[in-house]
Participant: 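Can you read through this structure? Questions will come right after.
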There are 2 protein chains.
Amino acid sequence: MTEATRRERLRAETERDIRRQARALLVEHGRDAVTLRAIARELGITAPALYRYYDSREDLLRRLAEDICTDLAARLNADLESITEDDVSAQVFAVCRGFRRWALAHPQEFALVFASTEDTLGRGGPDDHNQVGDQFGRIFLEVAGRLIAGHPLPDEVSADVPEDLHADLAAFQKVLLATVNDHGVGVDEQVLSLGAVYHITQSWVRIYGHVALEVFGRFPFALANPEPLFDSMLAEIMGGMGLSQQP
Amino acid sequence: MTEATRRERLRAETERDIRRQARALLVEHGRDAVTLRAIARELGITAPALYRYYDSREDLLRRLAEDICTDLAARLNADLESITEDDVSAQVFAVCRGFRRWALAHPQEFALVFASTEDTLGRGGPDDHNQVGDQFGRIFLEVAGRLIAGHPLPDEVSADVPEDLHADLAAFQKVLLATVNDHGVGVDEQVLSLGAVYHITQSWVRIYGHVALEVFGRFPFALANPEPLFDSMLAEIMGGMGLSQQP
DNA sequence: TCAACTTCGTAAACACCGTTCACTGAACGT
DNA sequence: ACGTTCAGTGAACGGTGTTTACGAAGTTGA
């Protein structure tokens, strides 16, 4: 049977309930509405009880952000399952569109995870790769890495990456190579060149930029339907890597 | 002398003081620290007095955001003054770098203005062009428009903008033309083509994307110095428009 | 000048909030 | 059976946004 004692089971259960309620409050009424008292009220307990589970409200929000990342990652991975393994281009489209769709459907969660000042959502020390949002970053980047793996960039694209960026990009390259290779695909730094890593980073900038602008309504003019703009950008990005686009 | 009565002068004065204190609190301790009571305390009055000036805390934050936009616009305009009028390329660099520099130096203000969900920072109805952040958008876009005006795009760049975007882009094109022409430069829609407008929009996406990622620390890997990445992106954008880059 | 009116600011109160602390009672290991 | 661990409580403290009734000035017109 379950090794866990009765107490441990109960604890895990209410911990899940707390996060679920917190999540509901965030989604429905925004970040400021995620109050300890409101959560406790909804759960039929008192606010100080929450301190048995979290150090503070800020701590709870931080963990909530991690949950959101995990969920987003799971969702995007699920979307990927339904795509034939060898059509990596379609996978990239799926991840990017899925990210946009999720962000638009969950603006509060997007804002919490992807648009919080570093000090409001604590990010301790230099544990660079355990940062919030990384869960998702991994997915996007891994898919992008796989894409490159099966389809080396045309030489002229990866021509000139600034000297100053070599060190940072090389470090990122190592992480990316490790991630991709962990999933069975064999790639080396010949294929996933520094130029490719640079291109991937720039793509992330554009995708994030569009999604954030759309979620926050900060496009410089009224867009009746921003979707074609996004798709066109996606096609442009893929095209710039020498790939065919698709609808 | 001043037409204003004594009361009106005093009112304007404390209104300025309120905003100034609110601003200071935002900058130093973040959005949540912008408290009516804290502001009042600092000003030597009581919190309810603030309701003579603002409908609510949210209202105050909204006006604060407008102030911030105005200041940013003024600052960037000042930077522009010091650049010879005919070197529009340099002007674009100045505005983009100035925007990044400002955002990094004022993360809390950036977050408030450029990364708030639409409903947390109220944006009533469809008064599309009075929206928060527009003040700045205008500057960026006007400079970009001037750039295009003096330097028509190569034909192949403005080739294919998606059919679905024509209407939105055309509307934006009209606004842009009006803005640019208001400042003396004569342009028509032959030069500032739909393709050019599209290109400008995509450039804004990239610039915003980079700056937001940097401010929020959401780059997928640790960047020792993100500046070369930004400059390289800028050069790429300018290059894509057939312009020479510069250091 | 003096009365009527407008406007800024106050004090008190209400309902919330995060957080701390001493405490109870049930589950737990032995 | 007994001491220990620990989830949860209730009261309290200081903080918050906001409303309300009220006083004290500034303003205005006769």
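Chain letters run A, B, ... following the sequence lines, proteins first and then strands; every chain starts at 1.
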Participant: ring-ring contact (aromatic ring centres under 6.0 Å, His included) with B:W102: which residues, sequence neighbours excluded?
Facilitator: B:H106
Participant: What is the distance, to the nearest angstrom, from the CG atom on A:D32 to the P atom on C:dC16?
Facilitator: 17 Å
Participant: By the side chain to side chain donor-acceptor pair (under 3.5 Å) test, which pairs, at least two apart or in different chains, include something from residues 41-55 of chain B?
Facilitator: B:T14-B:Y53, B:R19-B:Y54
Participant: Atom NE2 of A:H29 to atom P of C:dC16: distance rounded to whole Å?
Facilitator: 14 Å
Participant: For residues A:R97 and A:D231, report the shortest heavy-atom separation together with the two atoms involved.
Facilitator: NE-OD1, 2.9 Å
Participant: Sequence neighbours excluded, which residues qualify as side-chain hydrogen bond (donor to acceptor under 3.5 Å, both in side chains) partners of B:R20?
Facilitator: B:D17
Participant: The criterion is salt bridge (Lys or Arg N to Asp or Glu O under 4.0 Å); which residues satisfy it with A:D59, sequence neighbours excluded?
Facilitator: A:R62, A:R63
Participant: Just to verify, what does B:F230 make a ring-ring contact (aromatic ring centres under 6.0 Å, His included) with, not counting sequence neighbours?
Facilitator: B:H210
Participant: Applying ring-ring contact (aromatic ring centres under 6.0 Å, His included), can you list everything that pairs with B:F110, at least two apart in sequence or on another chain?
Facilitator: B:F114, B:F216
Participant: For B:D32, check salt bridge (Lys or Arg N to Asp or Glu O under 4.0 Å) against everything at least two apart and list the hits.
Facilitator: none
Participant: Over how many whole Å does the gap from B:R11 atom CZ to C:dG9 atom C1' extend?
Facilitator: 12 Å
Participant: Please list, for nucleotides 23-27 of chain C, all pairs of protein and nucleotide N/O atoms separated by less than 3.5 Å.
Facilitator:
from	atom 1	to	atom 2	distance (Å)
C:dA27	OP1	A:R6	NH2	3.4

Participant: Hey, does B:Y53 reach any base, or is it just sugar-phosphate, or nothing, if we go heavy atoms under 4.0 Å?
Facilitator: sugar-phosphate
Participant: If you look only at pairs with a residue in residues 69-81 of chain B, which of them pass as a salt bridge (Lys or Arg N to Asp or Glu O under 4.0 Å), with sequence neighbours excluded?
Facilitator: B:R23-B:D71
Participant: Among all residues two or more places apart in sequence or in another chain, which pass the ring-ring contact (aromatic ring centres under 6.0 Å, His included) test with A:Y198?
Facilitator: none
Participant: Look for any protein N or O under 3.5 Å of an N or O in nucleotides 17-21 of chain C and output each such pair with its distance, or none.
Facilitator:
from	atom 1	to	atom 2	distance (Å)
C:dC17	OP1	A:T35	OG1	3.1
C:dC17	OP1	A:R41	NH2	3.3
C:dC17	OP2	A:R41	NH2	2.5
C:dG18	OP1	A:L36	N	2.7
C:dG18	OP2	A:L36	N	3.1
C:dG18	OP2	A:R37	N	3.1
C:dG18	N7	A:R37	NH1	2.3
C:dG18	O6	A:R37	NH1	3.0
C:dT19	OP2	A:Y51	OH	2.5
C:dT19	OP2	A:R57	N	2.9
C:dT19	O5'	A:Y51	OH	2.7

Participant: For DNA chain D, which nucleotides open and close the run of contacts to chain A, 5' to 3', at under 4.0 angstrom from a non-hydrogen atom?
Facilitator: D:dT5 to D:dA12
